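Computed from a prediction, not measured in an experiment: that's the story for all the values here. Every chain is numbered from 1, with letters handed out A, B, ... down the list of sequences.
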Protein chains: 2
Amino acid sequence: MKLQEARQQFISNWGAFGTHWGINRTMAQIHALLMISPDPLTQDDIMAQLDISRGNTNMNIRELINWGLVDRVILHGERKEYFTAEKDIWKVVRQIVKERKKRELEPMLQLLDKLEDVEGDKRDKQVKAFTDVVSGIKKLGKQADKTLDVMIRAEESWFVGSLMKLFR
Amino acid sequence: MKLQEARQQFISNWGAFGTHWGINRTMAQIHALLMISPDPLTQDDIMAQLDISRGNTNMNIRELINWGLVDRVILHGERKEYFTAEKDIWKVVRQIVKERKKRELEPMLQLLDKLEDVEGDKRDKQVKAFTDVVSGIKKLGKQADKTLDVMIRAEESWFVGSLMKLFR
DNA sequence: TTATATTTTCAGTAATTTTTGAAAATTCAA
DNA sequence: TTGAATTTTCAAAAATTACTGAAAATATAA
């Protein structure tokens, strides 16, 4: 397969993949494009390569910067801003995990704390079913929270090595 | 907090949570409702409690059944079908992991295999950047694939126990 | 069988999300 | 400063996704 075709396929599939994970298609495509681009790109490069509007490009780049997946780069003597993405996939995954933990897991755990001490007789089937499910989720969520904390701090070699031992 | 309010909050938040993970709101809400319901419910119960149409209810129940998260139940001497959801959150998570692995991770790995052997000189910066990223993702993906396989087969106690040791 | 209860389908509609593009704001070289 | 280059904003339009409700299909009791 030729490079150009392979790049297109990668970008398009990474975009489709994103939509299954609550990330919008364009944002995932910009991320894909920047990951496979050896040099930083300008907003106009991205617009041209993905054939999308200036506004769309700008908003999604900004969102990628918020997620910590893309950085602004100032190039010596250039007026325009350039953008670049982390290319080490392990670092990318860690960054995504870190953000999603903060944005989703932590608020969910807070909610569960509130919901767990619902009024009513634990003998009531309805009350029991509810609190059992809520505490189960809370327990698993707390475990996940701790595990992810360690993972976020870990080096790739350490993590993969440990997992290898654990999971053969 | 009163049970009814807590249930409402749980259902509504579980729905919002789902949308961040590529699952539609209603499907996640039906799942939430069934998880906290001690007894199986009919389609009409679900329609009434979530205030949604028959068609919507039916389609999303079927989808939940496809995901292996909800089961049809025939109740002795009853004409109507009843539905129930797995309440052990560890089993729920394992089932979701299993499905997503099959639906997303495996096809992605197949694609990466194809994309990895792109034509062209490895000295070419463009080619190198592309293949480096693709092989990096493939490597991590394969590791994840193996790890998840073991997780799917594991008992909760084994998994949590091992993680505890590993991650303090 | 037949009648009735129940489930499923799906075209049309509604709601939500994404994208555009032009105007406003900002930046920076001269 | 000024003004051209560049970035940002955001109302409106387009695209996508989800939902409704009634008709069709299916299942079951009599």
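Distances shown here put every side-chain N or O of A:T26 at or beyond 4.0 Å from the OP1 or OP2 atom of C:dT18.
Contacts with DNA chain C (heavy atom under 4.0 Å) in residues 31-55 of chain A: A:I52, A:S53, A:G55, listed by number.
With hydrogens and angles left out, the side chain of B:R79 and the base of D:dA27 share a donor-acceptor pair within 3.5 Å.
A donor-acceptor distance shorter than 3.5 angstrom exists from the side chain of A:N13 to the backbone of A:Q9, with no hydrogens or angles considered. For B:T42 (side chain) and B:D44 (main-chain N/O), a donor-acceptor pair under 3.5 Å exists by modelled atom type. Here the side chain of A:E78 pairs no donor or acceptor atom with the backbone of A:K80 at under 3.5 angstrom. Between the B:K125 side chain and the B:R123 main chain, no donor and acceptor come within less than 3.5 Å of each other.
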Could you list the donor-acceptor pairs under 3.5 angstrom formed between side-chain atoms of residues 56-64 of chain A and any protein atom two or more places apart in sequence or on another chain?
from, atom 1, to, atom 2, distance (Å)
A:T57, OG1, A:S53, O, 2.6
A:N58, ND2, A:Q43, OE1, 2.9

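Taking 4.5 Å as the limit, every side-chain heavy atom of B:I30 sits out of range of all side-chain heavy atoms of B:F83. A heavy-atom distance below 4.5 Å is not found between the side chains of B:K128 and B:K122.
Between A:W21 and A:F17, the two ring planes are tilted [angle within 30° to 60°].
Both the sub-6.0 Å distance and the 45° axial angle are not jointly satisfied by B:R100 relative to the ring of B:W67.
Regarding B:I61, its CD1 atom lies at a distance of 14 Å from the P atom of C:dT6, rounded to whole Å. Put simply, CZ on B:R72 is 10 Å from C1' on C:dT8, counting in whole angstrom units. Rounding to whole angstrom units, CD of residue A:Q29 and P of C:dT18 are separated by 13 Å. Nucleotide D:dA14 holds its P atom 16 Å from the CG atom of A:N56, rounded to whole Å. With rounding to whole Å, B:L75 atom CG is found 16 Å from D:dT28 atom C1'. As a whole-Å value, the separation of A:N58 CG from C:dT18 P is 17 Å. A straight line from CD1 of A:I65 to C1' of D:dT8 spans 12 Å, rounded to a whole angstrom. Counting to the nearest Å, the P atom of C:dT18 and the CD1 atom of A:I30 are 13 Å from each other.
Listed nucleotides: D:dT9, C:dT19, C:dT7. Nearest to the side chain of A:N60: C:dT19.
Each of B:T19 and B:Y82 has a nearest nucleotide on DNA chain C; the 5'-most of these lies closest to B:Y82.
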Could you list all N or O pairs between the protein and nucleotides 11-16 of chain C that sit under 3.5 Å apart?
none

